[in-house]
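Structure first, then comments.
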There are 2 protein chains.
Amino acid sequence: MTLSEENYLKAIYHLSDTEGKGVSTNKLAEAMETKASSATDMIKKLADKSFVNYKKYQGVKLTKEGRLIAASVVRKHRLWEVFLVEKLNFNWDEVHEVAEQLEHVKSEKLIEELDAYLDFPTVDPHGDPIPDKYGEIQADKKVLLSSLKPGEKGICVGLEDTSKEFLQYLDKIKISLGIELKVLEKEPFDNSVVLQFNDQQLTVSAFTTTNIYVRKS
Amino acid sequence: MTLSEENYLKAIYHLSDTEGKGVSTNKLAEAMETKASSATDMIKKLADKSFVNYKKYQGVKLTKEGRLIAASVVRKHRLWEVFLVEKLNFNWDEVHEVAEQLEHVKSEKLIEELDAYLDFPTVDPHGDPIPDKYGEIQADKKVLLSSLKPGEKGICVGLEDTSKEFLQYLDKIKISLGIELKVLEKEPFDNSVVLQFNDQQLTVSAFTTTNIYVRKS
DNA sequence: ATTTAAATTTAGACAAATCTAAAAATAGTT
DNA sequence: AACTATTTTTAGATTTGTCTAAATTTAAAT
């Protein structure tokens, strides 16, 4: 497993949400910030090693083996993110670049010990789930904040939009993972919502409420 | 800085103990487990980037800039080793391979936060000193074993008396360079000391403790 | 059903880091 | 000082991952 192969597998993994058809060469090339011809070359190599199934012009799908490798890279990435935030005082929006490097460190013991050291977290600092060592993701029944009715409460467990701008905005208004949010009012005309948390009240836009996941509490 | 360049600089750094002449191509190739021709190629590249001074057939020396880079890699390596042993339950002999990978992760903040998280250690689990962020190694504050108080530990780093008799005595009781000695008790009347090392306890005389240098650990 | 547009693949080239084999320089020995 | 032996460098080839440009296939549109 070279670094490049791992990154391609990870990209295919992330692009494989639509279960039906394979990931297109162009989409993959775009995600990898490279050219379609390079993607084709790598796809062939991954197919040779049977990490993906590939038919010309039909896109790629991960094999069981490829998916396990990809999931393990994602697992490492997200565990390191938790480590950086919880132990080394990184902010949400600073962890990605470093985790991109750490995720490629190879050591079974390292990652299992890290997992234990962090007390077996199930989500990363952005609320994305952490695959277990078998590549399985804990099914989670998180719902959008926008789906809560006035009077209901929920614990913030994840985000839809993980752009730097959004993360910084949340940071500014002091909404973070694990915080409990209560919906006080909903304005019907623009769907903005009045929230209560940390003994304060704040009005947030519909954009915000449709990009925050909560677990009802 | 590619991974390979960093590894070569590190190797040159470790081989540069004799300050007089440069590191020979063959020695470098051997340390890198590669061929002399490959070493020559890389030396040229490093010279182009002025990380080393190089004259054909004369070996290489690090420039100030090259030494700083090498020291920073060594710094990262040793800090990660401390992390692995102290936080993730690695044994001292399991850490090297993983640290070889972690040392190449690039993030100023990461390494400074890690340093603080580990409480600014000055030596790694093998007793080797950790360069500071400017590449400087804390002047060996080696002290006499006799200056340690009960409960303190030190790594044996040198001798005052190097007579054959003393060396043979140390050999017999299995005290060698690099070994960690813990002072358990001190007898006030004759200054003899009870040491613990290698899972055994032993009483040694004041003569012995005033002729062994340790670095506190 | 053609024709055009878009997506994908192929072919050939390049840079990085390595190798082998051969040439050149240095060091050691008589 | 001349001859070996060793060390070091050069020249040319290889592999990995990438690129550009051209060819091919699929999709879309008239």
Side-chain angles (χ1 to χ4, degrees), chain A residues 1-18 20-62 66 69-70 73 100-101 103-106, chain B residues 1-13 15-18 20-62 66 69-70 73 100-101 103-104 106:
Chain A
M1 271 288 88
T2 70
L3 194 147
S4 200
E5 287 170 348
E6 284 191 353
N7 281 331
Y8 270 94
L9 287 178
K10 185 177 56 146
I12 298 168
Y13 179 86
H14 286 314
L15 292 169
S16 294
D17 39 0
T18 345
K21 56 196 72 157
V23 174
S24 84
T25 303
N26 259 8
K27 284 271 166 51
L28 181 54
E30 192 191 4
M32 291 299 297
E33 295 181 303
T34 184
K35 297 301 158 67
S37 55
S38 306
T40 300
D41 288 344
M42 181 56 84
I43 287 169
K44 284 180 186 168
K45 192 193 305 188
L46 294 174
D48 280 349
K49 300 187 172 185
S50 38
F51 297 143
V52 298
N53 289 125
Y54 170 58
K55 284 210 199 97
K56 279 189 191 177
Y57 300 98
Q58 307 284 121
V60 271
K61 285 189 221 176
L62 292 170
I69 293 172
V73 174
E100 286 286 300
Q101 300 176 65
E103 73 188 7
H104 299 291
V105 174
K106 281 161 193 62
Chain B
M1 272 286 90
T2 69
L3 194 146
S4 199
E5 287 171 348
E6 284 190 354
N7 281 331
Y8 270 94
L9 288 178
K10 185 177 53 143
I12 297 169
Y13 179 87
L15 293 170
S16 293
D17 40 0
T18 344
K21 55 197 70 155
V23 173
S24 84
T25 303
N26 259 8
K27 285 271 166 52
L28 182 55
E30 192 191 3
M32 292 298 298
E33 294 180 303
T34 183
K35 297 299 157 70
S37 54
S38 306
T40 300
D41 289 343
M42 180 56 84
I43 286 169
K44 284 181 186 167
K45 193 195 303 190
L46 293 174
D48 279 349
K49 299 186 173 186
S50 37
F51 296 143
V52 298
N53 289 125
Y54 170 58
K55 286 211 198 95
K56 279 188 191 178
Y57 300 97
Q58 307 285 123
V60 272
K61 286 188 219 178
L62 291 170
I69 293 171
V73 175
E100 286 285 301
Q101 300 177 63
E103 73 189 6
H104 299 291
K106 282 160 193 63

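Chain letters run A, B, ... following the sequence lines, proteins first, then strands; residues in each count from 1.
Rounding to whole angstrom units, CG of residue A:D41 and P of C:dA13 are separated by 15 Å. When the P atom of C:dC19 is taken as reference, atom CE of B:M32 falls 10 Å away, rounded to whole Å. With rounding to whole Å, B:L46 atom CG is found 13 Å from C:dA16 atom C1'. In this structure, A:K35 atom NZ and C:dG12 atom P are separated by 20 Å, rounded to whole Å. Rounded to whole Å, atom P of D:dT8 lies 9 Å from atom CD1 of B:I43. In this structure, B:E30 places its CD atom 11 Å from P of D:dT8, rounding to the nearest Å. Between the NZ atom of A:K27 and the P atom of C:dT9 there is a distance of 14 Å, rounded to whole Å. In this entry the distance linking CE of B:M42 with P of C:dA15 reads 16 Å, nearest Å.
Contact annotation for A:S4: backbone-only contact, meaning every heavy-atom pair under 4.0 Å involves sugar-phosphate atoms and none involves a base. Within 4.0 Å (heavy atoms only), B:K44 reaches sugar-phosphate atoms of the nucleic acid but no base atom. Within 4.0 Å (heavy atoms only), A:T25 reaches sugar-phosphate atoms of the nucleic acid but no base atom. Here A:S37 lies in heavy-atom contact (under 4.0 Å) with a base.
The side chain of B:Y8 places no N or O atom within less than 4.0 Å of a non-bridging phosphate oxygen (OP1 or OP2) of C:dA16. Put simply, A:T40 has a side-chain N or O that comes within less than 4.0 Å of OP1 or OP2 on C:dT9.
Between A:V23 and A:Y13, every side-chain heavy-atom pair lies at or beyond the 4.5 Å cut-off. Between B:E103 and B:N7, some side-chain heavy-atom pair lies under the 4.5 Å cut-off.
Atom CD of A:Q101 has more than 12 neighbouring heavy atoms from other residues, nucleotides or ligands inside a 6.0 Å radius. Crowding of B:E5 atom CD: a count of heavy atoms from other residues, nucleotides or ligands under 6.0 Å exceeding 12.
Projected onto DNA chain D by closest heavy-atom contact, B:N26 and A:E5 fall at different nucleotides, the more 5' of which corresponds to B:N26.
Among all heavy-atom pairs drawn from B:S16 and B:I12, the shortest one is OG-O, 2.6 Å. For B:Y54 against B:G59, the heavy-atom pair with the smallest separation is CD1-O, 3.8 Å. The minimum heavy-atom distance between A:K61 and A:K21, with the atom names listed, is CE-C, 4.3 Å.
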Between the protein and nucleotides 23-26 of chain D, which nitrogen or oxygen pairs are less than 3.5 angstrom apart?
{"from": "D:dT25", "atom 1": "O4'", "to": "A:Y57", "atom 2": "OH", "distance (Å)": "3.3"}

